[in-house]
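Before anything else, here's the structure in question.
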Number of protein chains: 2
Amino acid sequence: MRDDPTHLAEQVSSVLRHLVLLLRRTVAGQPVTSQQYGVLGSLEGGPRRMTELAEEHAVQLPTMTVQINRLEDAGLVTRGSDPADARVRTVELTSEGRARLRAVRQARVAHLTRELAALTEQERETLAAALPVLAKLGRL
Amino acid sequence: MRDDPTHLAEQVSSVLRHLVLLLRRTVAGQPVTSQQYGVLGSLEGGPRRMTELAEEHAVQLPTMTVQINRLEDAGLVTRGSDPADARVRTVELTSEGRARLRAVRQARVAHLTRELAALTEQERETLAAALPVLAKLGRL
DNA sequence: CCGGAATATTAGCCAGACTAAGTTAGTTGA
DNA sequence: TCAACTAACTTAGTCTGGCTAATATTCCGG
């Protein structure tokens with residue numbers, strides 16, 4: 001019974017709700033929203049095109065357009081063009097955007113680090129082992 | 001380095017984003033939203049007052065008012081009064097609400113069960129072991 | 001060179017979160 | 001006792017973030 005996939009699903013389902021709340025608290029009151037943070041993170045490795053960003057964040061293109069508009073208004077990213085294809089808009093971090101990303105990441109990780117520090121060494125190991133499995137779940 | 005809490009925090013942070021998307025897909029296209037489902041779940045054990053519901057779901061009272069309005073319009077809950085204190089509004093599942101809750105829970109668990117079935121037995125065990133730790137994290 | 005596919009944006013809708021302000025009912029203490 | 005404070009909700013207004021449908025633009029294949 002303990003290994004019944006349905007039973008496990010029920011547990012996962014309930015734990016997931018808790019984690020959503022945890023995530024919400026983790027980013028509460030920071031100078032960018034959780035989504036904005038995610039988009040900035042996608043830009044860290046260099047310019048990206050709109051379609052890539054939308055796909056990576058599992059949203060429709062118009063949704064990403066609005067997000068990028070806001071980030072652009074805030075001076076955190078700039079739009080550019082692909083010289084090889086005039087249909088394509090590229091998006092790039094400004095230096096201010098890069099600084100903001102670093103700051104938010106630092107705060108976010110610090111918050112989680114504090115939570116993790118309250119666990120035992122063994123619990124942290126159990127958690128670390130499960131992370132790849134969870135990541136796989138999310139990608140199915 | 002692998003056991004460094006900060007490093008772990010970064011991984012958790014990234015996995016959490018994936019799980020949010022997973023959760024979103026899990027309830028996509030269902031007859032109640034994820035939040036509504038959560039509220040219905042809170043009512044399963046009997047009538048609750050607005051303040052309790054808001055607190056349990058970590059939202060402000062006005063937010064819960066709007067949610068309950070929608071559920072009431074949909075015929076899934078009814079508002080009542082506390083005879084001992086006329087300021088208090090109670091919220092209760094209708095039989096339709098109870099049926100809906102059961103149906104959505106079933107679909108949700110079925111979805112997750114399918115995802116879990118794609119894992120190896122060992123991965124499921126790893127996941128099962130980590131669930132209590134994750135639950136603890138969310139509650140800190 | 002023309003019609004269809006690809007890339008974005010605009011516009012308009014809805015859910016869900018917040019704060020501020022208003023209403024009604026209980027509580028308290030001078 | 002009753003005036004003032006506090007508690008429980010609701011209403012109104014604003015924001016983010018998601019969606020679809022409709023509209024440019026640009027590219028590409030025949």
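Order of the sequence lines sets the chain letters (A, B, ...), proteins ahead of strands, with each chain counted from 1.
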Check your understanding: How is B:Thr65 classified with respect to the nucleic acid when contacts are heavy atoms under 4.0 Å: base, sugar-phosphate, or nothing?
Key ->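 Base: the residue B:Thr65, judged by heavy atoms under 4.0 Å, touches a nucleobase.
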
Review point. Can you tell me if the side-chain N/O atoms of A:Gln67 get under 4.0 Å from OP1 or OP2 in D:dG18?
Key: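 Answer is yes, contact under 4.0 Å.
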
Practice item. Answer yes or no: does a side-chain N or O of A:Thr51 lie under 4.0 Å from OP1 or OP2 of C:dA6? Key: no

Exercise for review: Please state how far atom CD1 in B:Ile68 lies from atom P in C:dA17, giving the value in whole angstrom units.
Suggested key: 12 Å

Practice item. Answer yes or no: does a side-chain N or O of B:Thr33 lie under 4.0 Å from OP1 or OP2 of C:dG16? Key: yes

Check your understanding: Of all the choices, D:dT20, D:dT10, C:dA6, which nucleotide is nearest to the side chain of A:Arg87 once you look at every atom?
Key -> C:dA6

Check your understanding: Rounded to the nearest Å, what distance is computed from the CG atom of residue B:Asn69 to the P atom of nucleotide C:dA15?
Key -> 12 Å

Check your understanding: So does B:Arg79 get a side-chain nitrogen or oxygen closer than 4.0 Å to the phosphate oxygens (OP1/OP2) of D:dT10?
Key -> yes

Review point. Does A:Gln35 make a side-chain N or O approach to OP1 or OP2 of D:dG17 shorter than 4.0 Å?
Key: yes

Exercise for review: Pick base, sugar-phosphate or nothing for A:Thr63, based on heavy-atom distances below 4.0 Å to the nucleic acid.
Suggested key: base

Point to revise | Any A:Arg49 side-chain nitrogen or oxygen under 4.0 Å from OP1 or OP2 of C:dT7 | key: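 Yes, because at least one side-chain N or O of A:Arg49 sits under 4.0 Å from OP1 or OP2 of C:dT7.
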
Review point. Are B:Arg98 and B:Glu92 ion-paired here, with the side-chain N under 4.0 Å from a carboxylate O?
Key: no

Check your understanding: Counting any heavy atom closer than 4.0 Å, what does A:Arg70 reach on the DNA or RNA strands: base, sugar-phosphate only, or nothing?
Key -> base

